[in-house]
K.L.:
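My questions all concern the structure below.
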Amino acid sequence: MVGWAVALHGGGGDIPIDLPDERRIPRETALRHCLDLGISALKSGKHPLDVTELVVRELENHPDFNAGKGSVLTAQGTVEMEASIMDGKTKSCGAVSGLTTVVNPVSLARLVMEKTPHIYLAFDAAEDFARTHGVETVESSHFITPENIARLKQAKEFNRVQLDYTAPTPKEPEIFGDSQTGTVGCVAVDSAGNLAAATSTGGYVNKMAGRIGDSPIIGAGTYANHLCAVSATGKGEYIIRATLAREVAALMEYKGLSLTEAAAYAVEHSGPRGTCGLVAVSANGEVAMPFNTNGMFRACATEDGYTEVAIWPKK
Amino acid sequence: MGRWAIAVHGGAGIDPNLPVEKQEQAKQLLTRCLNLGIAALRSNVSAIDVVELVVRELETDPLFNSGRGSALTENGTVEMEASIMDGTKRRCGAVSGITTVKNPISLARLVMDKSPHSYLAFSGAEDFARKQGVETVENDYFVTEDNVGMLKLAKEANSILFDYRVPLIGCAGAAVTDSPLQMNGLPISIYAPETVGCVVVDGEGRCAAGTSTGGLMNKMMGRIGDSPLIGAGTYASELCGVSCTGEGEAIIRSTLARDVSAVMEYKGVGLQEAVDYVIKERLDEGFAGLIAVSSKGEVVCGFNCNGMFRGCATEDGFMEVAMWE
């Protein structure tokens, strides 16, 4: 009999070690809060699909992470959100992209999985589907925060697509002391070995309208099977070509690596330094949270009482 | 110095009662596309360029479900998607929700080569197409009479259909009793294959793959299938190039194309064994097929459903166009 485990992330990237308290503490508190939510849910016997959905909803609602409210902006100054969710046992999955008014993209992804014969719906049609099913929607302005307006301005000034965590280089004037936002995600396993993974994001600052990243792509940003559940974060284009989330499971299946080895190997081989990170749990209740970026907002807990909330690599 | 090889497909899961003239047309188109690819390979065109030009040909011809001749959405419109991948550096490009671009595979290539992203969709993709000066047409260019008829049939049957190439010979009810074979939970006579694809390894041992489709007949607007998803419908690495077709949902959840390469990379097996393994072990109750080439010049087709429109050729002169086992 193995124990439950849960891990979540608020995005990986170039998070400066001298992040000011007023930027660091709210995020650590949020991670701790979401972790506690996940822990209670598992303790009360909720299925990992429910656990990952509720944790990601909480992260989406928090304005300091790049998902739902607080999503980074496209080149047009709008939000386009995407998410996916996967059940390890059945390998059922759901994904959505191009959302502009749906309050909780991860829940819409779940609805696609459970209420349609399809896996993936996007843009106007996904929005229509949300309305038809009475899913909570709001004015797009709800998702837009002053910090993200500033980030977009900064990115446009330097005419580049910016991974949301990229800190400004010394030559560039700093608008804020940070760019700490990033994809969010959660993975969970219960004591019966049921696994689930979910990921949600606003994408890249200043991205082209219509750009889809790794978060809604099954196998790239999200994956779960009978062995493990994985949610990735980082530079979407690398994660897609490396099928990062699937890679962890493939290494376990085909090379017999343990979760920790597989997760570390996958991150190391998916791209140069500074491109990705992930959280993963195994059917045995293990947790791994490797990343090759400067930092990754993350938290995890296992049934034996271990908990962790962290941003930078452990010494 | 490697040997080149090429494979093309026009979809997996074929009605055993498909009229002979349709079978002939399919074979001719596959042969023509193979010959195009072969001529290019003989003139040292690179794998990625060959994939693009062959898939363009498949998209332009209205016979298969891609480009012109795409299956229709529930609203009677066409929404196309495609992806392409270059195995050498694993660069990739994909598009979805395309409604006016004549050749979606070429737009996917432009996303790969000319944008900072890997995947563009819907109006954002269409805007990108215009900025790139890509050839665009009205949506009804892609709509064929056959498919308008099929959509009507699908709605009558009130089910999601893979496109149905058999001419209307009666109502959906009669078709249901024609054959006990099933695909996606439907009798095979009201299911027909969808998606086209091409995989190539060139004389330098470089692999590439591309897939293009109009998707499921009567699909919900905005529905994205496996064809534009890297790892699901398309994958290419230093070892192989893969393009899949069949039940999209099954292909996505099994990350079918990626798994062929992963099995080769991590279990060290050859192409045939890898393809056999994923078709047998990865699809669970799903039905699908795939074509694949390896950097060594091998070509393999595999499918667990009733037939797949396919063709393959290798540098030593081997050439085959087939539909059934």
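No experiment lies behind these values; they were computed from the predicted model shown. A, B, ... follow the sequence lines: proteins, then strands. Residue 1 opens every chain.
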K.L.:
Taking side chain as everything from C-beta outward and backbone as N, CA, C, O, which of these in B:D226 sits under 4.5 Å from a heavy atom of chain A? Side chain, backbone, both or neither.
P.N.:
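When you check distances to chain A, no heavy atom of B:D226 falls under 4.5 Å.
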
K.L.:
With a 4.5 angstrom heavy-atom cut-off, is it the side chain or the backbone of A:T116 that approaches chain B, or both, or neither?
P.N.:
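For A:T116, the side chain is the part near chain B, not the backbone.
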
K.L.:
Side chain, backbone, both or neither: which part of B:S123 has a heavy atom under 4.5 Å from chain A?
P.N.:
neither

K.L.:
A:R241 versus chain B, heavy atoms under 4.5 Å apart: side chain, backbone, both or neither?
P.N.:
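Both parts, heavy atoms under 4.5 Å.
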
K.L.:
Under 4.5 Å heavy-atom distance to chain B, tell me which part of A:Y238 shows up: side chain, backbone, both or neither.
P.N.:
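Contact with chain B: none, neither part.
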
K.L.:
When heavy-atom pairs shorter than 4.5 Å are enumerated against chain B, which of A:E253, A:R211, A:K255 gives the highest number?
P.N.:
A:R211

K.L.:
Which region of B:A121, side chain (C-beta onward) or backbone (N, CA, C, O), has a non-hydrogen atom less than 4.5 Å from a non-hydrogen atom of chain A, or is it both or neither?
P.N.:
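Interface part for B:A121: both.
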
K.L.:
Does the A:E261 side chain pair with the main chain of A:S258, one donor and one acceptor, at a distance under 3.5 Å?
P.N.:
yes

K.L.:
Would you say that more than 12 heavy atoms from the other residues, nucleotides or ligands in this model lie under 6.0 Å from the CG of B:N139, or not?
P.N.:
yes

K.L.:
Could you tell me which of A:R246, A:M86, A:E80 has the largest number of non-hydrogen atom pairs under 4.5 Å with chain B?
P.N.:
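Greatest number of close heavy-atom pairs with chain B: A:R246.
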
K.L.:
Of all of A:D214, A:L251, A:I217, A:I119, which one pairs up most often with chain B through heavy atoms under 4.5 Å apart?
P.N.:
A:I119

K.L.:
Kindly give the heavy-atom pair with the smallest separation between A:A280 and A:V230, and that separation in Å.
P.N.:
CB-CG2, 4.1 Å

K.L.:
Give the member of B:D259, B:I230, B:L229 that has the highest number of heavy-atom pairs under 4.5 Å with chain A.
P.N.:
B:D259

K.L.:
Could B:K267 and B:Y277 be counted as a cation-pi pair, given that NZ or CZ must be under 6.0 Å from the ring centre and within 45° of the axis?
P.N.:
yes

K.L.:
Between B:S96 and chain A, which part of the residue has a heavy atom less than 4.5 Å away: side chain, backbone, both or neither?
P.N.:
neither

K.L.:
Would you please test B:F122 and A:F123 for ring pair (Phe, Tyr, Trp, His ring centres under 6.0 Å) and show each step?
P.N.:
CA-CA 7 Å; B:F122 292 88; A:F123 290 87; 5.3 Å; yes

K.L.:
What are the two closest heavy atoms between B:S294 and B:C207, and how far apart are they?
P.N.:
C-SG, 3.9 Å

K.L.:
Please flag which part of A:A126 lies under 4.5 Å from any non-hydrogen atom of chain B: side chain, backbone, both or neither.
P.N.:
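The answer is neither part of A:A126.
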
K.L.:
Is there side-chain contact between A:F143 and A:M81, with heavy atoms separated by less than 4.5 Å?
P.N.:
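A side-chain contact under 4.5 Å exists here.
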
K.L.:
Under 3.5 Å, is there a donor-acceptor pair between the side chain of B:K219 and the main chain of B:G214?
P.N.:
yes

K.L.:
Examine whether an atom of A:E127 lies under 4.5 Å from a heavy atom of chain B, and if so say whether it belongs to the side chain, the backbone or both; otherwise answer neither.
P.N.:
neither

K.L.:
Quick one: does A:S270's side chain have a donor or acceptor within less than 3.5 Å of a partner on A:A266's backbone?
P.N.:
yes

K.L.:
Against chain A, label B:R258 side chain, backbone, both or neither, depending on which of its atoms sit under 4.5 Å from a heavy atom there.
P.N.:
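The side chain, not the backbone.
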
K.L.:
For A:L121, is it the side chain, the backbone, both or neither that has a heavy atom under 4.5 Å from a heavy atom of chain B?
P.N.:
both

K.L.:
Restricting to non-hydrogen atoms, name the atom on A:A220 and the atom on A:I240 that form the minimum distance, rounded to 0.1 Å.
P.N.:
CB-CA, 3.9 Å

